[in-house]
Amino acid sequence: MALHRRDALRTSSKRLSSWLLGAHMLAFVPAIALSAFWIAGEHALVMVALGLPILYLLTGTLNEARAAKTCEIDATTGLPMIDQLENDAEEMIVSCSEAGRKSALFFIQLEEFEALVQRYGQEATGALLERLGERIRALLREHDTVYWLGGARFAILIAPVPQFELESAVQLSSRLQSAAEEPVSVNMQALFVSAAVGFCLSTRSPEGTASAWMRASETALNEATRNNPSSIRAYSAEMGETSMKREALMREAFFALDNGEISPWFQPQISTDTGRVTGFEALARWHHPKRGTVAPADFLPALQDTGQMERLGEVVLYGALTALKTWDRAGFFVPCVAVNFTAEELRNPKLAEKIRWDLDRFDLSPDRLTIEVLETIVAGSPEDAAARNLAALAKLGCRIDLDDFGTGHASITAIRRFTIERIKIDRSFISRVDKDQEQQRMVSAIQTMAERLGLETLAEGVETSGEHAMLGQLGCAHVQGFAIARPMPFDDTLAWLTQHNTKLGTLPQIRGGTAI
């Protein structure tokens, strides 16, 4: 509400400033001064002479007039920047409102731009931005304006027209996107980019202010970048409500980490041969004081957007190592605990040193910690920071698990290079494996490959006893899923371990397809 009041005051100030600077006002200045002298004498003349400049300063008229004359231009792209966009958008809102005309504000973002910078350097990507700016300007009319917002974002403000509907805006978005995605030749190399577009029609802006219009366009762009590459999104009231909820969730998630609401829960992994626990996987869970358990699919993107994934990793790792020590003191033998590491964490140049220090602090050997990584990370360049960290952690003695195997594109060479000890067969291959022969053939093929490479296998997402039994017969050494146990808070693991160990003697053990 306070932001709305500030926007309203800013709009009123701009309108007053515009009125004071108009030609009609200049014509009245001599008349005002003579009238003051005629009515009240010299003292009134002095007050008018001093009062008008003070009024100009209080309304910001002089500063804004000076800013209007010196539009800041980016040296790389040759385009005006965000401050000029704010001024122009404010004038456009007023103009459209008074004349009954329409406009639109487009935001364009080049996707994966940081990777281009790392690969080709600042000079080449600077030339890319300059060429794209020229292309976009070539598509527009004379009075439409292109702005550079910093990084890999552009904005386009459409000059007022009598009619500009959603269909026209979508068509223009498609043309802008096509222009941005055409390859650009820089230093004899073709640079390819994908672009997301978000826009807001002036008639759909949630408020009659430039800041609200810009926020709406940015919301549409953010929604586009969350979807498939090269997406286009138009702002709507529903999108605004969703965005507000997402922002509220981001704020709550940020504080939930510090409040201890987000913590590791543990899901057991057991041997198909002996039935004994071979480890636990630590999984981040958020127990909200009012909403109960919040799904990871909801809060993990919120932490990602606020740059809190490394902080989450620290919380989960600390909880996992604490759990190992507590299980040891309680007399339960849990060989290891698995922790998922994101690409952001694995790119931390001090990760291996930090893990070594944490293991020493808890007096745990490195083989008690399993690092779970996705195929996409393993498939990266061996010179990548994540690759170097994985190699250092394997050399330290930590176990490396390849998560969601079968859904990515990791090569056998990459698997051997990173000293992978175990592959986790993705649940998409496990579902109905006891009834679907095609699934059985897929698991059998993965199992044969793993055996030839000297790797262990773990099937995740095991949800029925039939799947559990079939996986044992196919030679999969470890299983994990709801058929064994759901993820649980640490305190519940002690009772579960007691119960599981108690009934081990009554369960049949499966070896090579024969129940014993």
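There is no side-chain donor-acceptor pair under 3.5 Å between Ser444 and Gln447. Judged purely by distance below 3.5 Å, without hydrogens or angles, the side chains of Asp273 and Ser271 never pair a donor atom with an acceptor atom. There is a side-chain donor-acceptor pair under 3.5 Å between Glu111 and Ser194.
Side-chain atoms of Gln177 come within 3.5 Å of backbone N or O of Ala195 as a donor-acceptor pair. Between the side chain of Arg422 and the backbone N or O of His478, no donor-acceptor pair lies under 3.5 Å. Looking at Ser174, its side chain never comes within 3.5 Å of a backbone N or O of Val170 through a donor-acceptor pair. Between the side chain of Arg233 and the main chain of Leu221, no donor-acceptor pair closer than 3.5 Å is present. No side-chain donor-acceptor contact under 3.5 Å links Asp401 to the backbone of Ile423. Under the 3.5 Å distance criterion, the side-chain polar atoms of Thr272 are matched with a main-chain donor or acceptor of Cys476.
For Lys325, the NZ atom is densely surrounded, since the number of other residues' heavy atoms within 6.0 Å is greater than 12. Other residues, nucleotides and ligands place more than 12 heavy atoms under 6.0 Å from the CD atom of Glu314. Taking a 6.0 Å sphere around CZ of Arg486, one finds it holds 12 or fewer heavy atoms contributed by other residues, nucleotides or ligands. More than 12 heavy atoms of other residues, nucleotides or ligands sit less than 6.0 Å from atom CD of Glu451. At most 12 non-hydrogen atoms from other residues, nucleotides or ligands lie less than 6.0 angstrom from CD of Gln437. Counting non-hydrogen atoms of other residues, nucleotides and ligands closer than 6.0 Å to CZ of Arg427 gives a total of 12 or fewer. Environment of CZ in Arg361: crowded, with over 12 heavy atoms of neighbouring residues, nucleotides or ligands closer than 6.0 Å.
A tilted orientation is assigned to the rings of His288 and Trp286, their planes being inclined by 30° to 60°. Taking the six-membered ring where tryptophan is involved, the planes of Phe266 and Trp327 are perpendicular, since the angle between them exceeds 60° and thus also 30°.
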**Asked** Passes side-chain hydrogen bond (donor to acceptor under 3.5 Å, both in side chains), Gln439 versus Ser431? Steps please.
**Response** CA-CA 8 Å; Gln439 292 287 71; Ser431 177; 5.4 Å; no

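Taking a cutoff of 4.0 Å between a charged side-chain nitrogen and a carboxylate oxygen, Glu438 and Arg441 qualify as a salt bridge. Salt bridge status for Lys435 with Glu467: absent, with no side-chain N to carboxylate O gap under 4.0 Å. Taking the charged nitrogens against the carboxylate oxygens, Lys354 and Asp358 do have a contact shorter than 4.0 Å, which makes a salt bridge. A salt bridge links Lys424 and Glu372; the closest N-O separation between the charged side-chain nitrogens and carboxylate oxygens is under 4.0 Å.
When ring centroids are compared, Tyr318 and Phe362 come within the 6.0 Å threshold.
We find the OG1-CD distance between Thr125 and Glu114 to be 9.0 Å, quoted to the nearest 0.5 Å. In this structure, the separation between CD1 on Ile425 and CG on Leu458 is 8.0 Å, given to the nearest 0.5 Å.
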